[in-house]
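Let me begin by presenting the structure, written as structure tokens, before commenting on it.
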Amino acid sequence: MSIQVKASFKKEITAFTRTKRFFILLCVFVGLAVFDPLILRGTGALMEAVSEAETLGELFGEMTTASSSGVSSLVNDLALAGLIVFLLLINGFAGGEQKKRSIIIPRTSGLRNNAYLTPKFIVYPAAAFVLTLLAVFVAAAVSASVFAVNDLVIPQVFAAAVLLGVNLMLYTCFHLCIGTATGKAGMSAAICIGASILVPGIFSVMSMGIEGNLIAYNPFALSVMAMGAVSVMPDTGEAAATVIIALAIMIACWLLALFAHNARRIDNKGNEILI
């Protein structure tokens with residue numbers, strides 16, 4: 001590993017931790033993991049107690065007595081709210097520094113595109129994956145403690161955590177690719193957030209309406225697959241192939257961002273100096 005790459009890794013990790021963004025994300029992910037099961041269980045107990053429609057109350061109570069429902073709620077929230085917070089907080093590292101021209105001096109000092117981009121595509125996707133795994137297992141522990149029926153199976157929880165973690169990694173790579181290639185982190189975040197909300201739902205609905213399974217081997221439906229994995233263990237071959245396809249897309253995002261940087265020059269015009 002070259003000195004430049006080592007220095008860039010240190011810069012990304014330092015920027016991520018010293019700006020308190022990693023700590024904020026840790027609080028958000030763990031906070032969701034703790035409060036999601038508690039809120040769901042409390043809501044179920046309340047509905048059972050005050051519902052005028054006895055049948056409705058019992059039905060809702062049965063749905064919220066199994067610990068798998070707490071983990072499923074967390075998986076759903078991380079795939080939406082967790083991902084949105086993560087993408088917004090890494091905006092400054094996904095091309096935001098180019099807008100402030102803080103990259104000009106390192107570039108003129110000989111910083112290569114590979115050394116600039118590669119650490120980003122390792123540090124931030126890895127952080128998304130680790131935070132997701134931590135949150136899912138915290139939610140599993142809390143759910144097993146507060147729900148009346150513990151129907152969680154550790155291999156299924158692990159599969160759900162891995163699938164959801166890879167899902168967040170994929171959208172993080174999309175954000176880094178578009179943001180660093182264009183220098184417009186805000187636009188990149190908006191595109192990725194919109195896609196993460198719309199695309200999985202579209203594939204889920206389409207899969208229900210036609211013959212065949214559009215979820216299997218589809219990296220854009222990893223969040224849907226993760227939701228199902230909490231209750232039913234997915235086919236190992238299909239899940240592994242989907243993860244491999246997602247990893248291939250992530251590598252393609254890195255190569256595309258590198259190609260875009262090699263093909264263009266940063267505009268150094270102007271008298272403003274921001275470091």
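Residue numbers count from 1 along this sequence.
- When side chains are defined from C-beta on, Y171 counts as touching F220, because their heavy atoms get closer than 4.5 Å.
- Nearest heavy atoms, I178 versus C192: CD1-SG, 4.4 Å.
- Scored by the side-chain hydrogen bond (donor to acceptor under 3.5 Å, both in side chains) test, D77 finds no partners at all (sequence neighbours excluded).
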Distance-only donor-acceptor hits, side chain of residues 138-166, under 3.5 Å, sequence neighbours excluded:
unit_1	atom_1	unit_2	atom_2	d
S143	OG	A139	O	2.8
S145	OG	A141	O	2.9
N150	OD1	S67	OG	3.1
N150	OD1	L152	N	3.3
D151	OD1	S67	N	3.4
D151	OD1	S67	OG	3.2
D151	OD1	S68	N	2.9
D151	OD1	S68	OG	3.4
D151	OD2	S68	OG	2.8
Q156	NE2	V230	O	3.0
Q156	NE2	S231	O	3.2

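- With sequence neighbours excluded, the residues satisfying side-chain contact (heavy atoms from CB on, under 4.5 Å) with N76 are L80, M227.
- The distance from the CG atom of L83 to the CD1 atom of I197 is 8.5 Å, given to the nearest 0.5 Å.
- A 4.5 Å side-chain heavy-atom check between L134 and F29 finds every atom pair outside the cut-off.
- Connection of L131 to L133 is established within a shared hydrophobic cluster, with ILVMFWY side chains joined at heavy-atom distances below 4.5 Å, either directly or through further cluster members.
- Two residues are said to be in side-chain contact when any heavy atoms from C-beta on lie closer than 4.5 Å; N91 and H175 meet this criterion.
- The line from OG1 of T242 to CG of D235 is 9.0 Å long, rounded to the nearest 0.5 Å.
- Side-chain atoms of V34 and L38, non-hydrogen and from C-beta on, do get closer than 4.5 Å to each other.
- Taking the side chain as every heavy atom from C-beta outward, F93 and I90 approach each other to under 4.5 Å.
- Between S188 and G179, the shortest heavy-atom contact is OG-N, 3.4 Å.
- Cluster annotation: L117 is connected to L255 through the hydrophobic network of ILVMFWY side chains, with a link wherever side-chain heavy atoms come within less than 4.5 Å.
- Separating the OG1 atom in T180 from the CG atom in L258 is a distance of 9.5 Å, to the nearest 0.5 Å.
- Counting heavy atoms from C-beta outward, W254 and T118 have side chains that approach closer than 4.5 Å.
- Note that the CE atom of M169 and the CZ atom of F86 stand 10.0 Å from one another [nearest 0.5 Å].
- From D36, atom CG reaches atom OG of S73 across 4.0 Å, with rounding to the nearest 0.5 Å.
- No more than 12 heavy-atom neighbours from other residues, nucleotides or ligands sit within 6.0 angstrom of NZ on K184.
- When every heavy atom of T172 is checked against every heavy atom of L168, the shortest pair comes out as OG1-O, 2.7 Å.
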Between S223 and V75, does the side-chain contact (heavy atoms from CB on, under 4.5 Å) criterion hold? Intermediate values first, please. CA-CA 8 Å; S223 60; V75 169; over 6 Å; no
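- Closest non-hydrogen pair, E238 versus Y217, comes out as CG-OH, 3.5 Å.
- A chain of hydrophobic side-chain contacts below 4.5 Å, direct or via other Ile, Leu, Val, Met, Phe, Trp or Tyr residues, connects I84 to L87.
- Counting only heavy atoms from C-beta outward, the side chains of F121 and C253 approach each other to under 4.5 Å.
- Closest non-hydrogen pair, A135 versus A33, comes out as O-CB, 3.1 Å.
- Under the 3.5 Å distance criterion, the side-chain polar atoms of R21 are matched with a main-chain donor or acceptor of L89.
- To the nearest 0.5 Å, atom CG of residue N114 and atom OG of residue S8 are 9.0 Å apart.
- A distance-only check finds a donor-acceptor pair linking the side chain of T17 to the backbone of T14 [under 3.5 Å].
- No continuous path of hydrophobic side-chain contacts links M250 to V130 [ILVMFWY only; heavy atoms under 4.5 Å].
- In the hydrophobic clustering of this structure, L25 does not group with F23; members are Ile, Leu, Val, Met, Phe, Trp, Tyr whose side-chain heavy atoms approach within less than 4.5 Å, directly or through other members.
- Between P125 and L176 there is a side-chain heavy-atom pair separated by less than 4.5 Å.
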